[in-house]
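Inspection log for the structure reproduced underneath, given as structure tokens.
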Amino acid sequence: MRKQIFKKDKSYWFLGIFIALFIAMIVRSIVVSPNATQENGVINVTRPIELSFSDVLRRSGDIKTMVVRGEEASGELKDGTKYNATITYDPELLTKIADKGASVSIDSSKSLLEGFLNWFPLLFGVLLIWWIFRGVRGGASGISRGLMGQNPTKITTGKPKTTFADVAGIDAEKQELSEIVEFLKHKDKFKAIGARVPRGVLLSGEPGTGKTLLARAIAGEANVPFFAASGSDFSGIIVGLGVAKIKEIFEMAKRTAPCILFIDEIDAIGQRRSSHSFNDQDREQTLNQLLIEMDGFANDTGIIVIGATNRPDMLDQALLRPGRFDRQVHIELPDLASREAILKLHAKKVKLAKDVNLLDSARGTTGFSGADLENLLNEAALHAVRVGHGEIKKSDLDEARDKILMGPKKNRKMRPEDIKLTAYHEAGHAFVSVMYADVTDPIHKATIVPRGRALGMVQHLPVDDKVSMTIAEVRANLSVALAGRAAEEVFFGANKITTGAESDIDMATRLARYAITTAGLSEKIGLAAIKQVSNFGGRLALENASEKTAELVDAETRAWLDNAHKDAVRLLTKNKQTVTNLAQELLKHETLTGEEIKKIISGHRKKTQKKNAKSKK
């Protein structure tokens, strides 16, 4: 059961009453009319007439009374009619009106509203100063009463619902953190042999890898109170507020120790200090207070602090030393087996069809985090409902993956020649990919359905997670990447090439430069690692290379790309009819699976081999 702690402050009531009275006085001054009269208990409101300045001059003899307030005048005519007028304040004019028998008076007093508006800034300033000094006299608790009335800290008084069974795909990390659970459950057992209980654990990794989920699971397994806060909760506009919040949350945690205190996005308060950060003293004071609380004079508090961040490189070294964050656990993006385990865990919450193979879905989601995989199943479920399926089918998962990777389908009106060129472009990718099937990932499908900025695409499903690539794989992938541009040249001519190969060329260039400058796969450059630095604007510069070496790298990159392009042109020219058949099938069906592509290519090859055999006879 979770409880939200709120602190009530009577100063809020006082401020509320003050504002309410101010609004009431404004309403009263607006609603109450000065021209209301009461006769025999009945209020009669007579609406005065409006006179212009020229009317006042023309009817000055008809005026009985006139009360002047600045440039506004009001009064009564001799026939009893009330009037309001706008005049120019002129003593001679007022004297002439008085000489004609009118009773003229000047009202220099201010209305209640005007007087209040004049005094309001002073009263508000006095109230604000009193409120701030009231917090200063009370120290950290006083400030927290005024500015921390709604405490963001959440407390779990019972066992959280999340356990290690709800976490999949990070078995090594769970094993590392299971000792924390043992420390919390059997603290005396470790003390008996002199082992010190870890005071802190830092969880780092890409967004969505399960850092927060893992922290909840530790508390659930250990059955201890769980405090959760975000790093941004400890920052504020008042200097000293972050220190006060740090003190308060640790005081709350000490009362229920042993417990777990989880600080998400800890880099918001734990950034590295420097001698030039004069404008961020409050954050540094907050960090200093956190350092003291984690390993100050009171060492054995029974509180285990778990921090989570996507940027561990930004944290201060004093925060990372043993005694504060004793353990640093980096959570990697899930590999193939982990992705399958995560999908199976989340699949328990949805209804899957029998033909769904989660291993295939895991193969097609390289680079997905745990949160991405959960979103994949949710998008598939939404698509299944949208098209009227009673359960999630394989087509729903494919559509969800394509939507996440490439964006939703686009209903673009394309010219027939553009559609035809796209079909041959994707057919070129698909054919060369099949030609290098022994060293590249198996082809999954080819489509000419526009998605996002792409007019078509060819997808591959890795058999397993690769940690490295051979030079043969690099060159084959370069040929596959440039096969789309090569197909445009072979089937439409050099004057008909388009900008559609932009992303292919970019990917091929980055792969070639990586292989040459970092992986040491070029004979001309050798084994020297040349660091690439991304400058403003995205241009890749070579940091530790001479001008001559940089020119050599550019020339070698161009040579690799030219060779890959020539290789793709050679394969497509030699098999023009097969690629044409593949493109025609894409134009007819828009999408072809990997098996259909292989059948088209292998079927035409068999026919060609039979024709060649007959011609030899």
Side-chain angles (χ1 to χ4, degrees), residues 8-138 142-143 145-147 149-150 237-238:
K8 296 183 178 179
D9 196 330
K10 292 183 179 179
S11 62
Y12 283 113
W13 291 98
F14 178 78
L15 183 62
I17 294 173
F18 180 77
I19 295 174
L21 289 175
F22 172 63
I23 295 174
M25 295 178 70
I26 294 177
V27 173
R28 180 181 179 276
S29 65
I30 295 174
V31 173
V32 177
S33 172
N35 298 305
T37 61
Q38 184 171 350
E39 297 180 2
N40 300 325
V42 179
I43 297 177
N44 297 318
V45 181
T46 58
R47 179 172 297 177
I49 63 175
E50 298 290 336
L51 298 179
S52 64
F53 184 58
S54 60
D55 292 335
V56 173
L57 296 176
R58 182 172 50 84
R59 301 181 62 178
S60 58
D62 297 334
I63 297 175
K64 181 180 179 181
T65 61
M66 175 179 284
V67 179
V68 181
R69 299 184 186 90
E71 295 184 351
E72 300 291 332
S74 62
E76 184 178 353
L77 300 178
K78 291 179 180 179
D79 60 1
T81 305
K82 307 285 186 182
Y83 72 89
N84 290 329
T86 302
I87 66 172
T88 301
Y89 183 79
D90 186 358
E92 294 182 3
L93 172 64
L94 299 180
T95 302
K96 290 179 181 180
I97 295 175
D99 291 342
K100 293 184 178 182
S103 174
V104 179
S105 61
I106 298 175
D107 185 3
S108 59
S109 64
K110 295 182 178 180
S111 66
L112 184 62
L113 175 62
E114 292 174 336
F116 185 79
L117 289 177
N118 288 335
W119 284 93
F120 177 74
L122 179 61
L123 293 174
F124 185 79
V126 171
L127 177 64
L128 181 62
I129 294 173
W130 168 79
W131 192 28
I132 293 176
F133 274 94
R134 179 174 176 268
V136 172
R137 287 196 306 269
I143 295 175
R145 262 198 311 273
L147 298 175
Q150 294 184 351
I237 60 173
I238 303 297

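We number each residue from 1, following the sequence as shown.
Looking only at side-chain heavy atoms (C-beta outward), L77 and I63 come within less than 4.5 Å of each other.
Side chain of S74 to backbone of Y83: no donor-acceptor contact under 3.5 angstrom is found.
In this structure, CG in N84 is found 9.0 Å from CD1 in I49, a value given to the nearest 0.5 Å.
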